[in-house]
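Every value quoted in this text rests on a predicted model; they were computed, and no experiment measured them.
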Amino acid sequence: MNATPLHRWDVTYREAVAIQEDLRGKLILRDDGALDSIRTVAGADISYEKGSDLFFAAVVLMDFPGLGLLEEAACSARVSFPYIPGLLTFREGPPLLAAFAKLGQTPDFVLFDGQGIAHPRGIGLAAHLGLLLDLPAIGCAKSRLVGSYGPVGEKRGSHAALICGDRQVGAVVRTRERTRPIFVSQGHRIALPKAVTLVLSCCRGYRLPEPLRQAHLAVNRLRMGQVSAPHSDPLAKNR
DNA sequence: GCGACAG
DNA sequence: ATCTTGTCGC
């Protein structure tokens with residue numbers, strides 16, 4: 001019955017690959033009905049000090065399409081899995097999921113800073129975590145992991161297909177003029193056209209969509225040990 | 001064997 | 001990702 005082994009994070013390289021190969025088939029790459037009436041969006045990011053195994057993760061929840069901050073959840077955690085291209089999920093996944101667990105509300109879709117299916121085994125961080133969270137998810141990477149693409153138009157909103165093998169695995173999107181494009185790919189429960197549209201509607205004059213920008217700012221404030229939220233200490237629930 | 005390589 | 005200083009351009 002249970003063809004899927006229990007998911008584990010303390011794995012070897014080989015086990016991690018096996019988990020990815022097992023989970024990739026469970027991804028849903030079509031638009032989900034939940035995307036018909038979007039009210040909220042979340043963005044998540046990680047930050048840590050060089051050479052340290054103490055990671056900080058933050059998730060911001062914003063209303064959509066207004067993009068006003070609704071909630072912020074954060075967490076710190078020890079990480080031992082090294083950075084290996086293609087296995088980023090096993091390094092950043094646990095802290096990110098811990099932060100999501102503290103979020104009071106469930107977002108209608110999530111933006112991750114990493115690849116969705118534009119990945120060697122078709123399941124990057126955004127796809128993997130979208131699947132585990134069972135939420136529509138989109139991968140927004142700042143650089144390429146796999147695939148090739150042609151020139152991207154100069155205007156905001158222009159995009160080129162990201163091709164890997166004989167498949168389109170994503171889109172290279174110009175979210176801001178005179179700035180390098182970002183790599184958008186399906187994570188889970190969403191089709192590519194909608195993913196591109198949503199990412200663009202989350203941009204507010206910056207290269208990165210607002211949920212990811214805010215999560216990035218939040219996680220860095222956190223690491224710098226600053227008091228950020230007006231109402232609560234993001235790490236208060238840890239104590 | 002060599003180059004590529006999300007964060 | 002992080003480190004690191006100044007600097008060029010809109």
* Asked: Is there a donor-acceptor pair under 3.5 Å between the side chain of A:Asp45 and the backbone N or O of A:Leu212?
  -> no

* Asked: Can you find a heavy atom in the side chain of A:Cys202 that is under 4.5 Å from one in the side chain of A:Met62?
  -> no

* Does the side chain of A:Val169 reach to within under 4.5 Å of the side chain of A:Ser185, using non-hydrogen atoms? -> no

* Which of these, A:Glu92, A:Arg91, A:Arg223, sits in a side-chain hydrogen bond (donor to acceptor under 3.5 Å, both in side chains) with A:Tyr48? -> A:Arg91

* Asked: Mind checking whether A:Ile28 and A:Leu129 sit in one hydrophobic cluster, side chains of I, L, V, M, F, W, Y counted as touching below 4.5 Å?
  -> no

* Group every Ile, Leu, Val, Met, Phe, Trp and Tyr by side-chain heavy-atom contacts under 4.5 Å, then state whether A:Leu67 and A:Leu111 land in the same group. => yes

* Opening and closing nucleotides of DNA chain C in contact with chain A, under 4.0 Å to non-hydrogen atoms -> C:dA1 to C:dC10

* Asked: How close do A:Val59 and A:Leu96 get, heavy atom to heavy atom, and via which atoms?
  -> CG2-O, 4.4 Å

* Do A:Asp108 and A:Arg39 meet the salt-bridge criterion of a basic N to acidic O distance under 4.0 Å? -> no

* To do: Convert the base pairs of DNA chain B into dot-bracket notation, remembering that pairs crossing earlier ones are written with [ ] and that bases paired across to another strand are shown as |; include only Watson-Crick or G-U pairs under 3.5 Å.
  => .......

* Counting only heavy atoms not in A:Arg204, do more than 12 fall under 6.0 Å of its CZ? -> yes

Dump every N/O contact between nucleotides 5-7 of chain B and the protein below 3.5 Å, one line per pair.
residue	atom	partner	partner atom	Å
B:dC5	OP1	A:Arg144	NH2	2.7
B:dA6	OP2	A:Tyr83	OH	2.6
B:dA6	N7	A:Gly86	N	3.0
B:dA6	N6	A:Gly86	O	3.0
B:dA6	N6	A:Leu87	N	3.3
B:dA6	N6	A:Leu88	N	3.1
B:dA6	N6	A:His119	NE2	3.4
B:dA6	N1	A:Leu125	N	3.0
B:dA6	N3	A:Gln115	N	3.0
B:dG7	OP1	A:Lys142	N	2.6
B:dG7	OP1	A:Lys142	NZ	3.4
B:dG7	OP2	A:Ser143	OG	2.8
B:dG7	O3'	A:Asp113	OD2	3.0
B:dG7	N2	A:Tyr48	OH	3.0

* Asked: Are A:His128 and A:Phe90 close enough, and set up right, to give a ring pair (Phe, Tyr, Trp, His ring centres under 6.0 Å), and what steps lead you there?
  -> CA-CA 10 Å; A:His128 197 139; A:Phe90 289 85; 5.7 Å; yes

* Please work out if A:His216 contacts a base, only the sugar-phosphate, or nothing of the nucleic acid, heavy-atom cut-off 4.0 Å. => sugar-phosphate

* To do: Using a heavy-atom cut-off of under 4.0 Å over every strand shown, decide if A:Ser47 touches base, sugar-phosphate, or nothing.
  => sugar-phosphate

